[in-house]
Number of protein chains: 2
Amino acid sequence: MLTIWLNYMVNNKKDDTSQERILLAAKKIFLQKGMAGARMQDIADEAGINKALLHYYFRNKEILFDMIFLEALKQFFPKITDVVQSDISLFEKIEIFCREYIDMMQQNAYLPLFVLNEVNKDPVRFKEKFWQNKNVVFLKFVEQIDTEVKRGKIKSVNPAHLFINMISMCIFPFIAKPIWMMTTNVDEMQFRYFMEQRKTEVSKFIIESIKK
Amino acid sequence: MLTIWLNYMVNNKKDDTSQERILLAAKKIFLQKGMAGARMQDIADEAGINKALLHYYFRNKEILFDMIFLEALKQFFPKITDVVQSDISLFEKIEIFCREYIDMMQQNAYLPLFVLNEVNKDPVRFKEKFWQNKNVVFLKFVEQIDTEVKRGKIKSVNPAHLFINMISMCIFPFIAKPIWMMTTNVDEMQFRYFMEQRKTEVSKFIIESIKK
DNA sequence: GTCTATAACTCGATAGAC
DNA sequence: GTCTATCGAGTTATAGAC
(Lines give C-alpha, C1' and ligand atoms only; values in the text may rest on other atoms or scores of the structure.)
Protein backbone atom coordinates (compact mmCIF):
# COMPACT_ATOMS: atom_id res chain seq x y z
CA MET A 1 0.00 0.00 0.00
CA LEU A 2 2.76 2.41 0.93
CA THR A 3 4.62 1.38 -2.23
CA ILE A 4 1.69 2.24 -4.44
CA TRP A 5 1.34 5.65 -2.87
CA LEU A 6 5.06 6.31 -3.20
CA ASN A 7 4.96 5.27 -6.85
CA TYR A 8 2.07 7.56 -7.44
CA MET A 9 3.83 10.49 -5.82
CA VAL A 10 7.05 9.87 -7.67
CA ASN A 11 5.82 8.90 -11.12
CA ASN A 12 3.46 11.81 -11.47
CA LYS A 13 6.30 14.25 -11.27
CA LYS A 14 6.96 15.29 -14.84
CA ASP A 15 10.67 14.60 -14.79
CA ASP A 16 10.53 11.10 -13.47
CA THR A 17 9.89 9.29 -16.70
CA SER A 18 12.99 7.42 -17.83
CA GLN A 19 13.35 9.80 -20.73
CA GLU A 20 13.46 12.85 -18.49
CA ARG A 21 15.76 11.19 -15.99
CA ILE A 22 18.17 10.38 -18.80
CA LEU A 23 18.20 13.94 -20.07
CA LEU A 24 18.83 15.29 -16.60
CA ALA A 25 21.61 12.78 -16.02
CA ALA A 26 23.14 13.42 -19.43
CA LYS A 27 23.20 17.13 -18.80
CA LYS A 28 25.00 16.67 -15.51
CA ILE A 29 27.60 14.27 -16.88
CA PHE A 30 28.25 16.02 -20.19
CA LEU A 31 28.59 19.43 -18.57
CA GLN A 32 31.10 18.07 -16.13
CA LYS A 33 33.15 15.81 -18.39
CA GLY A 34 32.49 17.01 -21.93
CA MET A 35 31.65 14.86 -24.95
CA ALA A 36 34.98 12.98 -25.03
CA GLY A 37 35.23 12.45 -21.27
CA ALA A 38 31.69 11.29 -20.59
CA ARG A 39 30.80 7.60 -20.82
CA MET A 40 27.37 6.20 -21.50
CA GLN A 41 27.80 4.07 -18.40
CA ASP A 42 28.20 7.21 -16.27
CA ILE A 43 24.97 8.60 -17.64
CA ALA A 44 23.11 5.34 -17.17
CA ASP A 45 24.31 5.11 -13.57
CA GLU A 46 23.38 8.71 -12.85
CA ALA A 47 19.91 8.09 -14.28
CA GLY A 48 19.55 4.84 -12.36
CA ILE A 49 19.03 2.66 -15.45
CA ASN A 50 21.26 0.56 -17.70
CA LYS A 51 23.05 1.27 -20.94
CA ALA A 52 20.61 -0.69 -23.10
CA LEU A 53 17.73 1.49 -22.08
CA LEU A 54 19.80 4.55 -22.79
CA HIS A 55 20.25 3.38 -26.36
CA TYR A 56 16.59 2.55 -26.55
CA TYR A 57 15.70 6.21 -26.01
CA PHE A 58 18.67 7.78 -27.78
CA ARG A 59 20.13 5.71 -30.57
CA ASN A 60 23.69 6.84 -29.95
CA LYS A 61 25.93 9.08 -27.92
CA GLU A 62 26.07 11.84 -30.50
CA ILE A 63 22.31 12.28 -30.66
CA LEU A 64 22.09 12.52 -26.89
CA PHE A 65 25.00 14.94 -26.75
CA ASP A 66 23.57 17.20 -29.44
CA MET A 67 20.32 17.42 -27.50
CA ILE A 68 22.12 18.61 -24.37
CA PHE A 69 24.43 20.89 -26.29
CA LEU A 70 21.60 22.62 -28.12
CA GLU A 71 19.85 23.24 -24.82
CA ALA A 72 23.07 24.61 -23.34
CA LEU A 73 23.50 26.92 -26.32
CA LYS A 74 20.07 28.43 -25.78
CA GLN A 75 20.99 29.27 -22.22
CA PHE A 76 24.39 30.57 -23.17
CA PHE A 77 22.98 32.92 -25.82
CA PRO A 78 19.98 34.21 -23.93
CA LYS A 79 17.18 36.07 -25.62
CA ILE A 80 18.06 39.54 -24.44
CA THR A 81 16.40 41.09 -27.43
CA ASP A 82 13.73 42.57 -25.18
CA VAL A 83 16.24 44.40 -23.04
CA VAL A 84 18.34 45.62 -25.94
CA GLN A 85 15.41 46.88 -27.98
CA SER A 86 13.51 48.57 -25.17
CA ASP A 87 13.91 52.34 -24.88
CA ILE A 88 15.52 52.53 -21.45
CA SER A 89 18.95 54.17 -21.22
CA LEU A 90 22.16 52.40 -22.19
CA PHE A 91 23.37 52.44 -18.59
CA GLU A 92 20.23 50.67 -17.44
CA LYS A 93 20.59 48.13 -20.21
CA ILE A 94 24.12 47.37 -19.08
CA GLU A 95 22.95 47.03 -15.49
CA ILE A 96 20.13 44.68 -16.41
CA PHE A 97 22.26 42.60 -18.74
CA CYS A 98 25.06 42.00 -16.21
CA ARG A 99 22.67 41.23 -13.39
CA GLU A 100 20.53 38.82 -15.37
CA TYR A 101 23.37 37.13 -17.18
CA ILE A 102 25.37 36.44 -14.03
CA ASP A 103 22.19 35.27 -12.36
CA MET A 104 21.51 32.77 -15.15
CA MET A 105 25.04 31.41 -15.01
CA GLN A 106 24.84 31.03 -11.26
CA GLN A 107 22.20 28.40 -11.87
CA ASN A 108 24.63 26.55 -14.08
CA ALA A 109 28.22 27.46 -13.39
CA TYR A 110 29.64 24.74 -15.65
CA LEU A 111 27.74 25.95 -18.69
CA PRO A 112 30.10 28.58 -20.15
CA LEU A 113 33.20 26.40 -20.01
CA PHE A 114 31.27 23.47 -21.46
CA VAL A 115 29.97 25.41 -24.44
CA LEU A 116 33.17 27.27 -25.24
CA ASN A 117 35.22 24.14 -24.89
CA GLU A 118 33.12 22.02 -27.20
CA VAL A 119 33.04 24.78 -29.80
CA ASN A 120 36.79 25.01 -29.62
CA LYS A 121 37.29 21.28 -30.10
CA ASP A 122 35.48 21.29 -33.39
CA PRO A 123 34.57 24.77 -34.68
CA VAL A 124 33.65 23.47 -38.14
CA ARG A 125 31.14 20.95 -36.83
CA PHE A 126 29.71 23.64 -34.58
CA LYS A 127 29.33 26.14 -37.37
CA GLU A 128 27.63 23.68 -39.68
CA LYS A 129 25.39 22.08 -37.13
CA PHE A 130 24.45 24.70 -34.55
CA TRP A 131 25.29 28.17 -35.72
CA GLN A 132 22.43 30.24 -36.98
CA ASN A 133 22.15 33.98 -36.51
CA LYS A 134 23.48 34.00 -32.99
CA ASN A 135 25.09 37.32 -33.79
CA VAL A 136 21.89 39.35 -33.97
CA VAL A 137 21.91 40.34 -30.31
CA PHE A 138 25.53 41.35 -30.53
CA LEU A 139 24.93 43.61 -33.52
CA LYS A 140 21.97 45.30 -31.89
CA PHE A 141 23.94 46.03 -28.76
CA VAL A 142 26.91 47.40 -30.64
CA GLU A 143 24.64 49.57 -32.76
CA GLN A 144 23.15 50.93 -29.57
CA ILE A 145 26.52 51.85 -28.09
CA ASP A 146 27.51 53.54 -31.33
CA THR A 147 24.41 55.73 -31.22
CA GLU A 148 25.09 56.81 -27.64
CA VAL A 149 28.65 57.74 -28.54
CA LYS A 150 27.46 59.88 -31.44
CA ARG A 151 24.83 61.55 -29.27
CA GLY A 152 27.65 62.44 -26.90
CA LYS A 153 26.00 60.63 -24.00
CA ILE A 154 29.10 58.55 -23.24
CA LYS A 155 32.81 58.81 -23.92
CA SER A 156 34.02 57.83 -27.34
CA VAL A 157 34.65 54.11 -26.97
CA ASN A 158 35.07 51.24 -29.40
CA PRO A 159 31.78 49.30 -29.19
CA ALA A 160 33.32 45.91 -29.88
CA HIS A 161 35.81 46.29 -27.04
CA LEU A 162 33.18 47.58 -24.67
CA PHE A 163 30.88 44.69 -25.51
CA ILE A 164 33.48 41.99 -25.01
CA ASN A 165 34.69 43.66 -21.83
CA MET A 166 31.20 43.31 -20.43
CA ILE A 167 30.81 39.69 -21.51
CA SER A 168 34.29 38.84 -20.22
CA MET A 169 33.68 40.20 -16.74
CA CYS A 170 30.35 38.38 -16.46
CA ILE A 171 31.41 34.98 -17.75
CA PHE A 172 35.10 34.54 -17.00
CA PRO A 173 34.83 34.15 -13.22
CA PHE A 174 32.67 31.06 -13.76
CA ILE A 175 35.21 29.60 -16.15
CA ALA A 176 38.04 30.21 -13.71
CA LYS A 177 35.97 29.18 -10.70
CA PRO A 178 38.09 26.26 -9.41
CA ILE A 179 41.38 28.10 -9.83
CA TRP A 180 39.94 31.27 -8.35
CA MET A 181 38.68 29.36 -5.33
CA MET A 182 42.09 27.82 -4.73
CA THR A 183 43.89 31.11 -5.26
CA THR A 184 41.70 33.11 -2.91
CA ASN A 185 41.05 30.25 -0.49
CA VAL A 186 37.27 30.55 -0.51
CA ASP A 187 34.55 27.89 -0.33
CA GLU A 188 31.33 27.43 -2.35
CA MET A 189 29.36 29.79 -0.12
CA GLN A 190 31.91 32.56 -0.34
CA PHE A 191 32.23 32.19 -4.08
CA ARG A 192 28.48 32.46 -4.41
CA TYR A 193 28.55 35.66 -2.38
CA PHE A 194 31.38 37.00 -4.52
CA MET A 195 29.32 36.45 -7.67
CA GLU A 196 26.31 37.96 -5.97
CA GLN A 197 28.34 41.14 -5.50
CA ARG A 198 29.42 41.09 -9.14
CA LYS A 199 25.81 41.38 -10.28
CA THR A 200 26.14 45.07 -9.45
CA GLU A 201 29.92 45.52 -9.33
CA VAL A 202 30.48 44.75 -13.01
CA SER A 203 28.02 47.29 -14.37
CA LYS A 204 29.22 49.90 -11.87
CA PHE A 205 32.77 49.32 -13.06
CA ILE A 206 31.79 49.68 -16.72
CA ILE A 207 29.64 52.76 -16.27
CA GLU A 208 32.33 54.44 -14.21
CA SER A 209 34.67 53.98 -17.15
CA ILE A 210 32.44 55.24 -19.97
CA LYS A 211 30.33 57.96 -18.37
CA LYS A 212 31.17 61.55 -19.22
CA MET B 1 75.80 14.86 -51.48
CA LEU B 2 72.84 17.15 -51.44
CA THR B 3 71.07 14.66 -49.16
CA ILE B 4 73.89 14.71 -46.66
CA TRP B 5 73.90 18.44 -46.55
CA LEU B 6 70.13 18.57 -46.11
CA ASN B 7 70.29 16.04 -43.31
CA TYR B 8 72.96 18.06 -41.64
CA MET B 9 70.93 21.26 -41.86
CA VAL B 10 67.77 19.62 -40.67
CA ASN B 11 69.05 17.34 -37.96
CA ASN B 12 71.12 19.98 -36.33
CA LYS B 13 68.07 22.04 -35.62
CA LYS B 14 67.33 21.37 -31.98
CA ASP B 15 63.66 20.48 -32.49
CA ASP B 16 64.03 17.84 -35.14
CA THR B 17 64.96 14.94 -32.94
CA SER B 18 62.04 12.52 -32.56
CA GLN B 19 61.73 13.51 -28.94
CA GLU B 20 61.29 17.18 -29.76
CA ARG B 21 58.93 16.46 -32.64
CA ILE B 22 56.76 14.40 -30.30
CA LEU B 23 56.61 17.15 -27.70
CA LEU B 24 55.66 19.72 -30.32
CA ALA B 25 52.99 17.43 -31.76
CA ALA B 26 51.65 16.52 -28.32
CA LYS B 27 51.35 20.16 -27.41
CA LYS B 28 49.36 20.92 -30.52
CA ILE B 29 47.01 17.95 -30.15
CA PHE B 30 46.48 18.18 -26.39
CA LEU B 31 45.84 21.92 -26.47
CA GLN B 32 43.19 21.46 -29.11
CA LYS B 33 41.47 18.30 -27.91
CA GLY B 34 42.31 18.03 -24.23
CA MET B 35 43.47 14.92 -22.36
CA ALA B 36 40.28 12.91 -22.95
CA GLY B 37 39.81 13.91 -26.57
CA ALA B 38 43.38 13.43 -27.78
CA ARG B 39 44.51 10.05 -29.06
CA MET B 40 48.06 8.77 -29.12
CA GLN B 41 47.52 8.00 -32.80
CA ASP B 42 46.79 11.69 -33.49
CA ILE B 43 50.01 12.69 -31.81
CA ALA B 44 52.03 10.06 -33.62
CA ASP B 45 50.59 11.17 -36.96
CA GLU B 46 51.26 14.81 -36.21
CA ALA B 47 54.85 13.97 -35.28
CA GLY B 48 55.26 11.77 -38.35
CA ILE B 49 56.11 8.62 -36.43
CA ASN B 50 54.18 5.62 -35.08
CA LYS B 51 52.59 4.83 -31.75
CA ALA B 52 55.27 2.38 -30.68
CA LEU B 53 57.95 5.03 -30.89
CA LEU B 54 55.75 7.37 -28.93
CA HIS B 55 55.62 4.85 -26.12
CA TYR B 56 59.32 4.31 -26.42
CA TYR B 57 59.96 7.95 -25.49
CA PHE B 58 57.03 8.45 -23.11
CA ARG B 59 55.91 5.34 -21.29
CA ASN B 60 52.25 6.30 -21.27
CA LYS B 61 49.76 8.98 -22.17
CA GLU B 62 49.58 10.47 -18.70
CA ILE B 63 53.31 11.14 -18.50
CA LEU B 64 53.25 12.87 -21.86
CA PHE B 65 50.19 14.87 -20.92
CA ASP B 66 51.62 16.00 -17.60
CA MET B 67 54.73 17.23 -19.36
CA ILE B 68 52.68 19.41 -21.71
CA PHE B 69 50.32 20.53 -18.96
CA LEU B 70 53.11 21.62 -16.64
CA GLU B 71 54.68 23.65 -19.43
CA ALA B 72 51.29 25.23 -20.16
CA LEU B 73 50.83 26.11 -16.50
CA LYS B 74 54.11 27.97 -16.41
CA GLN B 75 52.98 30.12 -19.30
CA PHE B 76 49.51 30.63 -17.89
CA PHE B 77 50.81 31.82 -14.52
CA PRO B 78 53.63 34.02 -15.66
CA LYS B 79 56.31 35.29 -13.34
CA ILE B 80 55.12 38.85 -13.02
CA THR B 81 56.68 39.22 -9.62
CA ASP B 82 59.17 41.74 -11.02
CA VAL B 83 56.46 44.03 -12.31
CA VAL B 84 54.32 43.81 -9.20
CA GLN B 85 57.16 44.40 -6.78
CA SER B 86 58.84 47.24 -8.65
CA ASP B 87 58.13 50.75 -7.41
CA ILE B 88 56.42 52.15 -10.51
CA SER B 89 52.86 53.46 -10.13
CA LEU B 90 49.84 51.16 -9.99
CA PHE B 91 48.58 52.51 -13.32
CA GLU B 92 51.83 51.63 -15.02
CA LYS B 93 51.73 48.18 -13.48
CA ILE B 94 48.27 47.61 -14.88
CA GLU B 95 49.40 48.82 -18.29
CA ILE B 96 52.41 46.55 -18.34
CA PHE B 97 50.51 43.54 -17.04
CA CYS B 98 47.75 43.76 -19.66
CA ARG B 99 50.12 44.38 -22.52
CA GLU B 100 52.50 41.59 -21.60
CA TYR B 101 49.84 39.06 -20.67
CA ILE B 102 47.87 39.50 -23.88
CA ASP B 103 51.11 39.39 -25.81
CA MET B 104 52.04 36.08 -24.24
CA MET B 105 48.65 34.56 -24.95
CA GLN B 106 48.78 35.71 -28.55
CA GLN B 107 51.59 33.25 -29.03
CA ASN B 108 49.31 30.50 -27.81
CA ALA B 109 45.66 31.35 -28.05
CA TYR B 110 44.45 27.85 -27.10
CA LEU B 111 46.36 27.87 -23.84
CA PRO B 112 43.88 29.50 -21.43
CA LEU B 113 40.93 27.32 -22.38
CA PHE B 114 43.11 24.22 -22.23
CA VAL B 115 44.40 24.93 -18.74
CA LEU B 116 41.09 26.06 -17.26
CA ASN B 117 39.27 23.13 -18.78
CA GLU B 118 41.64 20.49 -17.49
CA VAL B 119 41.63 22.01 -14.03
CA ASN B 120 37.86 22.00 -14.06
CA LYS B 121 37.62 18.36 -15.07
CA ASP B 122 39.61 17.23 -12.08
CA PRO B 123 40.31 19.98 -9.54
CA VAL B 124 41.48 17.51 -6.89
CA ARG B 125 44.12 15.93 -9.11
CA PHE B 126 45.23 19.40 -10.13
CA LYS B 127 45.53 20.63 -6.58
CA GLU B 128 47.52 17.62 -5.43
CA LYS B 129 49.79 17.34 -8.44
CA PHE B 130 50.37 20.84 -9.78
CA TRP B 131 49.28 23.47 -7.32
CA GLN B 132 52.01 25.12 -5.31
CA ASN B 133 51.91 28.73 -4.21
CA LYS B 134 50.43 30.02 -7.45
CA ASN B 135 48.54 32.55 -5.37
CA VAL B 136 51.52 34.63 -4.36
CA VAL B 137 51.31 36.99 -7.31
CA PHE B 138 47.63 37.50 -6.75
CA LEU B 139 48.09 38.42 -3.12
CA LYS B 140 50.87 40.89 -3.90
CA PHE B 141 48.76 42.63 -6.52
CA VAL B 142 45.70 42.86 -4.30
CA GLU B 143 47.83 44.21 -1.46
CA GLN B 144 49.14 46.85 -3.82
CA ILE B 145 45.66 47.97 -4.88
CA ASP B 146 44.57 48.14 -1.28
CA THR B 147 47.47 50.44 -0.44
CA GLU B 148 46.63 52.81 -3.30
CA VAL B 149 43.01 52.99 -2.17
CA LYS B 150 44.05 53.89 1.35
CA ARG B 151 46.49 56.51 0.09
CA GLY B 152 43.56 58.02 -1.80
CA LYS B 153 45.33 57.65 -5.14
CA ILE B 154 42.41 55.77 -6.74
CA LYS B 155 38.69 55.43 -6.09
CA SER B 156 37.63 53.06 -3.34
CA VAL B 157 37.32 49.75 -5.17
CA ASN B 158 37.20 46.15 -4.06
CA PRO B 159 40.64 44.75 -4.97
CA ALA B 160 39.41 41.23 -5.69
CA HIS B 161 36.86 42.47 -8.19
CA LEU B 162 39.32 44.83 -9.82
CA PHE B 163 41.87 42.06 -10.14
CA ILE B 164 39.52 39.54 -11.71
CA ASN B 165 38.11 42.22 -14.00
CA MET B 166 41.58 42.76 -15.36
CA ILE B 167 42.30 39.07 -15.80
CA SER B 168 38.89 38.48 -17.38
CA MET B 169 39.32 41.15 -20.03
CA CYS B 170 42.80 39.90 -20.92
CA ILE B 171 42.04 36.17 -21.08
CA PHE B 172 38.39 35.74 -22.03
CA PRO B 173 38.64 36.90 -25.66
CA PHE B 174 41.07 34.05 -26.32
CA ILE B 175 38.71 31.56 -24.72
CA ALA B 176 35.80 32.79 -26.80
CA LYS B 177 37.93 33.21 -29.91
CA PRO B 178 36.09 30.83 -32.29
CA ILE B 179 32.64 32.06 -31.28
CA TRP B 180 33.74 35.67 -31.37
CA MET B 181 35.17 35.24 -34.85
CA MET B 182 31.90 33.77 -36.10
CA THR B 183 29.82 36.40 -34.37
CA THR B 184 31.77 39.33 -35.70
CA ASN B 185 32.64 37.72 -39.01
CA VAL B 186 36.36 38.32 -38.80
CA ASP B 187 39.31 36.20 -39.94
CA GLU B 188 42.58 35.30 -38.20
CA MET B 189 44.29 38.50 -39.28
CA GLN B 190 41.50 40.74 -38.08
CA PHE B 191 41.28 38.90 -34.77
CA ARG B 192 44.99 39.37 -34.30
CA TYR B 193 44.60 43.08 -34.91
CA PHE B 194 41.69 43.22 -32.46
CA MET B 195 43.83 41.66 -29.74
CA GLU B 196 46.67 43.98 -30.67
CA GLN B 197 44.35 46.90 -29.88
CA ARG B 198 43.36 45.32 -26.60
CA LYS B 199 46.95 45.47 -25.37
CA THR B 200 46.28 49.14 -24.68
CA GLU B 201 42.46 49.26 -24.67
CA VAL B 202 42.06 47.07 -21.60
CA SER B 203 44.31 49.07 -19.31
CA LYS B 204 42.83 52.34 -20.59
CA PHE B 205 39.37 51.02 -19.80
CA ILE B 206 40.38 50.00 -16.28
CA ILE B 207 42.25 53.18 -15.43
CA GLU B 208 39.38 55.29 -16.72
CA SER B 209 37.16 53.49 -14.24
CA ILE B 210 39.30 53.73 -11.10
CA LYS B 211 41.15 57.05 -11.48
CA LYS B 212 40.04 59.91 -9.29
C1' DG C 1 9.94 -0.51 -21.55
C1' DT C 2 13.47 -2.75 -19.21
C1' DC C 3 16.80 -6.07 -18.49
C1' DT C 4 21.18 -9.44 -19.30
C1' DA C 5 24.51 -10.84 -22.33
C1' DT C 6 27.51 -10.06 -25.86
C1' DA C 7 29.09 -8.42 -30.33
C1' DA C 8 31.89 -4.84 -32.51
C1' DC C 9 35.07 -1.51 -32.10
C1' DT C 10 38.50 2.02 -30.30
C1' DC C 11 42.63 2.90 -28.23
C1' DG C 12 46.52 2.56 -25.06
C1' DA C 13 50.21 -0.36 -24.52
C1' DT C 14 53.63 -4.28 -25.47
C1' DA C 15 56.38 -7.99 -28.10
C1' DG C 16 59.72 -8.74 -31.04
C1' DA C 17 62.12 -8.16 -35.65
C1' DC C 18 65.42 -5.16 -37.82
C1' DG D 1 65.81 4.00 -32.43
C1' DT D 2 62.23 2.66 -35.34
C1' DC D 3 59.03 -0.35 -37.26
C1' DT D 4 54.89 -4.04 -37.86
C1' DA D 5 51.80 -6.79 -35.58
C1' DT D 6 48.95 -7.78 -31.92
C1' DC D 7 47.04 -8.04 -27.28
C1' DG D 8 43.77 -6.62 -23.88
C1' DA D 9 41.00 -3.20 -21.41
C1' DG D 10 37.36 -0.31 -21.83
C1' DT D 11 33.26 1.58 -24.52
C1' DT D 12 29.60 2.04 -27.73
C1' DA D 13 26.00 -0.32 -29.53
C1' DT D 14 22.87 -4.39 -30.49
C1' DA D 15 20.32 -9.05 -29.84
C1' DG D 16 16.99 -11.12 -27.69
C1' DA D 17 14.44 -12.67 -23.40
C1' DC D 18 10.83 -11.07 -20.33
Side-chain angles (χ1 to χ4, degrees), chain A residues 3-4 6-8 10-69 118 121-122 125 129, chain B residues 3-4 6-8 10-69 118 121-122 125 129:
Chain A
T3 316
I4 294 170
L6 277 174
N7 265 332
Y8 173 80
V10 173
N11 289 330
N12 264 29
K13 282 178 65 185
K14 193 192 162 216
D15 60 327
D16 207 66
T17 65
S18 286
Q19 169 121 248
E20 287 291 337
R21 299 242 306 290
I22 290 171
L23 284 170
L24 230 60
K27 183 175 181 180
K28 183 175 168 186
I29 301 295
F30 276 132
L31 258 72
Q32 212 183 101
K33 309 198 176 186
M35 170 63 166
R39 285 165 306 148
M40 295 297 261
Q41 187 64 62
D42 297 334
I43 298 173
D45 291 348
E46 179 73 28
I49 53 159
N50 60 34
K51 278 187 294 178
L53 196 57
L54 210 70
H55 281 93
Y56 171 78
Y57 281 104
F58 303 91
R59 213 169 332 94
N60 59 46
K61 190 179 174 183
E62 197 182 356
I63 289 177
L64 182 54
F65 175 81
D66 283 357
M67 217 127 187
I68 302 301
F69 187 65
E118 295 297 335
K121 292 224 161 94
D122 202 341
R125 188 181 116 89
K129 207 159 181 180
Chain B
T3 315
I4 294 171
L6 277 173
N7 265 332
Y8 173 80
V10 173
N11 289 328
N12 263 29
K13 282 178 65 188
K14 195 192 160 214
D15 60 330
D16 207 68
T17 65
S18 287
Q19 170 121 253
E20 287 291 336
R21 297 242 307 289
I22 289 172
L23 283 171
L24 230 59
K27 184 175 181 180
K28 183 175 168 186
I29 301 295
F30 276 132
L31 257 69
Q32 207 184 110
K33 309 199 176 188
M35 169 63 165
R39 285 165 305 149
M40 294 298 262
Q41 187 65 62
D42 298 332
I43 297 172
D45 291 349
E46 179 73 29
I49 52 157
N50 59 34
K51 277 190 295 177
L53 197 57
L54 209 69
H55 281 94
Y56 171 78
Y57 281 105
F58 302 91
R59 217 170 327 93
N60 59 46
K61 191 179 174 184
E62 197 182 355
I63 289 177
L64 183 53
F65 175 82
D66 283 357
M67 217 128 184
I68 302 299
F69 187 66
E118 295 297 334
K121 293 242 154 81
D122 201 340
R125 189 182 116 90
K129 205 159 181 181

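Basis for what follows: all heavy atoms, side chains included, without hydrogens, waters or symmetry-related copies. Note on naming: letters A, B, ... go to the chains in the order of the sequence lines (proteins, then strands), and numbering restarts at 1 for each one. The structure presented is a predicted model; accordingly, all values stated were derived computationally and were not measured.
To the nearest 0.5 angstrom, A:Ile43 atom CD1 is 12.0 Å from A:Leu24 atom CG. Distance CD/A:Glu118 to CD1/A:Ile68: 12.0 Å, rounded to 0.5 Å.
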For this session: Decide side-chain contact (heavy atoms from CB on, under 4.5 Å) for A:Thr17 and A:Ile22; before the verdict, give the C-alpha distance in whole Å, the side-chain angles of both, and the deciding distance to 0.1 Å.
Result: CA-CA 9 Å; A:Thr17 65; A:Ile22 290 171; over 6 Å; no

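Among residue pairs with one or both ends in residues 35-44 of chain B, those qualifying as side chain to side chain donor-acceptor pair (under 3.5 Å) are B:Arg39-B:Asp42, B:Gln41-B:Asp45; sequence neighbours excluded. Residue pairs meeting the ring pair (Phe, Tyr, Trp, His ring centres under 6.0 Å) criterion with at least one partner in residues 18-60 of chain B, sequence neighbours excluded, are B:Phe30-B:Phe65.
For the contact set between residues 44-59 of chain B and DNA chain C, defined by any heavy atom under 4.0 Å, the members are B:Lys51, B:Ala52, B:His55.
Judged by distance alone, with hydrogens and angles left aside, the side-chain atoms of B:Lys61 form a donor-acceptor pair with the main-chain N or O of B:Ala38 at under 3.5 Å.
The nearest whole Å value for the distance from the CG atom in A:Asp42 to the P atom in D:dT11 is 8 Å.
Taking every nucleotide of DNA chain C with any atom under 4.0 Å from a non-hydrogen atom of chain A, the first and last of them, 5' to 3', are C:dG1 to C:dT4.
Annotation: side-chain hydrogen bond (donor to acceptor under 3.5 Å, both in side chains) contacts of B:Arg125 (sequence neighbours excluded): B:Glu62, B:Asp66. For B:Glu46, the side-chain hydrogen bond (donor to acceptor under 3.5 Å, both in side chains) partners two or more places apart in sequence, or in a different chain, are B:Lys28.
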